[in-house]
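All remarks here apply to the structure that follows.
Ligands are counted one by one from 1 in listed order, and the atoms in each one are counted from 1 as well.
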Amino acid sequence: MGEFDLIARHFARPVKRAALGVGDDCALLRVAPGMQLAVSSDMLVAGCHFFEDVNPAHLGHKSLAVNLSDLAASGATPLAFTLALSLPGIDEPWLKAFADGLLRLADEHECELVGGDTTHGPLNICITIFGEVPPGQALLRSGARAGDDIWVSGTLGDARLALDARLGRIELPPDAFESALQRLERPTPRLALGRALRGIATSALDLSDGLLGDLSHIIEQSQVGAQVDADAALQTMAARNHPALRLHDDQWYQCVLAGGDDYELVFTAPASRRDQVMAAARMADTPVTRIGGITKEPGLRVVDRHGKPLARQRWASFDHFA
Ligand code: ADP
Ligand code: MG
């Protein structure tokens with residue numbers, strides 16, 4: 001099988017929304033008149049973003065999920081995506097499972113695969129995604145204001161727990177490992193929540209590198225500061241309630257404050273809009289938790305449930321070049 005058979009077999013599907021899909025030099029998207037196009041790319045590199053032997057269906061899911069998550073953080077609605085694939089060889093069962101995981105999530109969000117590129121090389125997956133958002137309504141990192149609440153969606157830290165277990169740094173009971181691994185390998189992009197927060201949230205981003213590091217992008221771009229209640233954040237962690245799981249305080253905090261790969265939304269909203277935030281969360285069927293507030297003084301402070309400061313430099317976020 002060659003490159004073109006591979007594309008035809010696994011990635012060429014009839015399009016419903018786009019004007020033209022896989023097979024020509026360019027795909028043609030229909031963008032509703034007056035809407036803005038939201039565009040984002042994410043690359044996943046074997047050995048860096050995922051274990052080479054990861055379940056290929058999960059890898060397909062995650063490759064698209066991290067891109068959908070960027071649209072969610074912008075409050076955008078998915079339209080289509082392209083897939084650039086570098087493959088070390090043609091492994092039919094692997095490709096089939098990868099495409100299944102990828103296209104299942106794509107169908108769930110009505111986001112069509114419209115093109116891409118396929119080359120021979122180290123395993124590497126790069127997706128560019130396109131969405132649409134009404135002009136002026138995209139959620140940005142720069143809109144947080146002093147007095148705003150800081151919220152997160154879903155659960156934080158469980159993906160990091162699975163990563164630490166896979167790397168042999170900690171041991172987990174089998175059921176705890178299984179559910180943490182789901183969070184690492186099959187994150188849930190929070191698209192309904194992102195859309196529901198348009199006009200309510202003042203800023204948003206999706207958590208890929210760890211809460212504190214990612215939140216620092218919001219405070220820098222918004223020119224404000226933040227105070228985070230580490231224990232409120234910790235309460236969101238699913239594994240926290242596992243009866244047989246014993247970790248040091250520092251390990252719990254590490255997962256929640258600096259663990260990457262959560263793909264939850266962190267967002268800010270005025271304190272006067274708490275009811276609207278809760279209503280948006282209900283509408284999106286996504287739990288949200290208030291974990292702190294935006295301050296006028298610059299910098300990021302982390303406190304425990306008693307308001308006692310924690311030394312945050314211990315919880316560095318992930319940085320590819322640091
Ligand atoms: P070109 O040489 O014009 O860049 P290619 O020969 O690389 O086009 O690809 C042929 C068609 O297949 C194009 O429409 C391209 O978008 C699509 N394509 C290539 N690789 C993929 C892929 N991995 N997934 C989806 N579509 C792909
Ligand atoms: Mg090409």
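- Taking every non-hydrogen atom of Asp25 and a distance limit under 4.0 Å, the qualifying atoms of ligand 1 come out as 3 (O).
- For ligand 1, the polar-atom distance check finds no N/O of Phe4 at less than 3.5 Å from any of the ligand's N/O atoms.
- Residue Asp304 holds its CG atom at 7.5 Å from CG of Asp229, rounded to the nearest 0.5 Å.
- A side-chain donor-acceptor contact under 3.5 Å links Tyr253 and Asp231.
- Residue-level proximity to ligand 1 for Ile7 is carried by the side chain, the only part with a heavy atom below 4.0 angstrom.
- Close contacts of ligand 1 with Thr118, meaning ligand atoms under 4.0 Å from a residue heavy atom, involve 19 (C), 20 (N), 21 (C), 22 (C), 23 (N).
- Of the residues listed (Ile218, Thr295, Val228), the one engaging Leu300 in a side-chain contact (heavy atoms from CB on, under 4.5 Å) is Val228, and it is the only one.
- A distance of 10.5 Å separates CD1 in Ile125 from NE2 in His49, rounded to the nearest 0.5 Å.
- For atom 22 (C) of ligand 1, the choice among Thr82, Leu83, Val22 with the nearest heavy atom turns out to be Leu83.
- With a 6.0 Å radius and a threshold of 12 heavy atoms from other residues, nucleotides or ligands, Asp285 has its CG atom at or below the threshold.
- Among Gly23, Ala27, Ala99, the residue whose heavy atom lies closest to atom 11 (C) of ligand 1 is Gly23.
- Shown in contact with Asp24 at under 4.0 Å from a heavy atom are these atoms of ligand 1, numbered in order with element: 13 (C), 14 (O).
- Of all the atoms in ligand 1, the ones that sit under 4.0 Å from a non-hydrogen atom of Gly115 are 16 (O), 24 (N), 25 (C), 26 (N), 27 (C).
- The aromatic rings of Phe11 and Phe98 sit perpendicular to each other, their planes meeting at more than 60°, with 30° as the lower class boundary.
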Walk me through it: do Glu112 and Phe130 pass the test side chain to side chain contact (heavy atoms under 4.5 Å, CB included)?
CA-CA 10 Å; Glu112 292 179 317; Phe130 304 87; over 6 Å; no
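- Applying the 4.0 Å criterion to heavy atoms of Asp117 picks out, from ligand 1, the atoms 7 (O), 19 (C), 20 (N), 21 (C), 23 (N).
- Contacts with ligand 1 closer than 4.0 Å are made by no heavy atom of Val114, backbone or side chain.
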